Number of protein chains: 2
Amino acid sequence: MSKSKGIMPKASTTTQALKKYSEYLSRNGLKSTVQRDIIINEFLRVKGHLSVDELHSRLKLTHSSIGLATVYRTLKILSEAGLAHERQFQDGFTRYEYTGPGDVHHDHIVCVSCGHVEEFENRQIEELQKQEADRHHFKMLDHKFEIYGICKECQEKEQE
Amino acid sequence: MSKSKGIMPKASTTTQALKKYSEYLSRNGLKSTVQRDIIINEFLRVKGHLSVDELHSRLKLTHSSIGLATVYRTLKILSEAGLAHERQFQDGFTRYEYTGPGDVHHDHIVCVSCGHVEEFENRQIEELQKQEADRHHFKMLDHKFEIYGICKECQEKEQE
DNA sequence: TTCGCTGCAAACCATTTGCACCCAT
DNA sequence: ATGGGTGCAAATGGTTTGCAGCGAA
């Protein structure tokens, strides 16, 4: 769900992301390493809602020595750099989702049977949220909205 | 946020809850014990959004021998009996909230500073959710909607 | 050469479970 | 007396952290 607002994007989202990432590193006195590059490239390539363990398993296929802790630490950096969002659905894993530069806030609809995740944007819901926050005199910082259900494919499988 | 729909409620919510609970026990071959009674009575008395540890700490004041595992097990039973809802906000604890017989679905607005939780109902949001589920061909089972922010009291404290 | 980074193992921490004993039915 | 319940301690499992050696700047 990354949206390029410009008419003619000059660089791919991945290139922009890598740039933002390396800027974040130097601004914070952090170093570029081969492991981090491997992790980030795979993360940007997949663009799903990956759990740390899922990403680590993928990486092990081609880079067997990479440590789970390093994947955790790198995803935390991406999150702090504003390139990834931490998500917690109901399955006990923290998942990370890529966030592009022009991305609009969105929510999730999760299949409790197969784990499939779809995204949606809904302006009206966003607006109603703000109204509720105001009504309760809260300064809204964030929100979490997830719909849990059974996706089309799993409904069809159930009927067999 | 328990709403009695009747004009003249015959029994208090607590009494009704205890009845529902004991019915659940006998229907499932479970036993009534002093520990369970103590836990449930305190849970019904407080009616907040209690973490297991918070409830256990309260109970220890008057019943020092009560075990944490028993509190976990009893709240699980209450949840299965339909008298409590498991909630997970962002603080790493599972919280339990009392659910009365005529209760309408509601969502939460949570203060990230002091942990205070308020509730709200919003028909329009519920309706928009259903529309989103339909649009994505999901059979909706459940949802989770939380607004995170700073409550009025904490905003005032911040300014000092 | 300096520090940050890595992989490993150990630590964390909320929650669950195994077990020997207890008690409601 | 039977079999579920209890408290305790140990196990679980995702995530974090300490540490000795490694490598980028």
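Quick note on labels: first sequence line is chain A, next is B, and so on, each numbered from 1. Because the structure is a prediction, the values reported are computed rather than measured.
- The distance between atom CG of Asn28(B) and atom P of dG3(D), rounded to the nearest whole Å, is 18 Å.
- Distance CD1 (Ile38(A)) to P (dC5(C)): 16 Å, rounded to an integer number of Å.
- Annotation: salt bridge (charged side-chain N to carboxylate O under 4.0 Å, His left out) contacts of Arg58(B) (sequence neighbours excluded): Glu42(B).
- Using the six-membered ring where Trp is involved, His116(B) and Phe138(A) have ring planes that are parallel, under 30° apart on the 30 and 60° scheme.
- Interface residues of residues 59-67 of chain A facing DNA chain C, ordered by number: Ser65(A), Ile66(A), Gly67(A); criterion, heavy-atom separation under 4.0 Å.
- A salt bridge between Glu132(B) and Arg135(B) is present, with a side-chain N of the basic residue lying under 4.0 Å from a carboxylate O of the acidic one.
- Rounded to the nearest 0.5 Å, atoms CG (Leu55(A)) and OG1 (Thr74(A)) are 9.0 Å apart.
- What separates CD1 of Ile77(A) from P of dC5(C) is a distance of 6 Å, to the nearest Å.
- Between Glu97(B) and Arg95(B), none of the side-chain N atoms (NZ, or NE/NH1/NH2) sits under 4.0 Å from a carboxylate O, so this pair counts as no salt bridge.
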Counting primed atoms, P, OP1 and OP2 as sugar-phosphate and everything else as base, the B/S/- map of nucleotides 15-25 of chain C against protein heavy atoms under 4.0 Å is BBBB-----B-
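- Checking side-chain atoms of Lys144(A) against main-chain N and O of Gln88(A) turns up a donor-acceptor pair under 3.5 Å.
- Rounding to whole angstrom units, CD of residue Gln90(B) and P of dT15(D) are separated by 14 Å.
- Criterion: ILVMFWY side-chain heavy atoms under 4.5 Å apart, direct or through other members. Under it, Phe93(B) and Tyr72(B) are not part of a common hydrophobic cluster.
- In this entry the distance linking CD of Glu86(A) with C1' of dT15(D) reads 11 Å, nearest Å.
- Between the side chains of Glu119(A) and His49(A), at least one donor N or O sits under 3.5 Å from an acceptor N or O.
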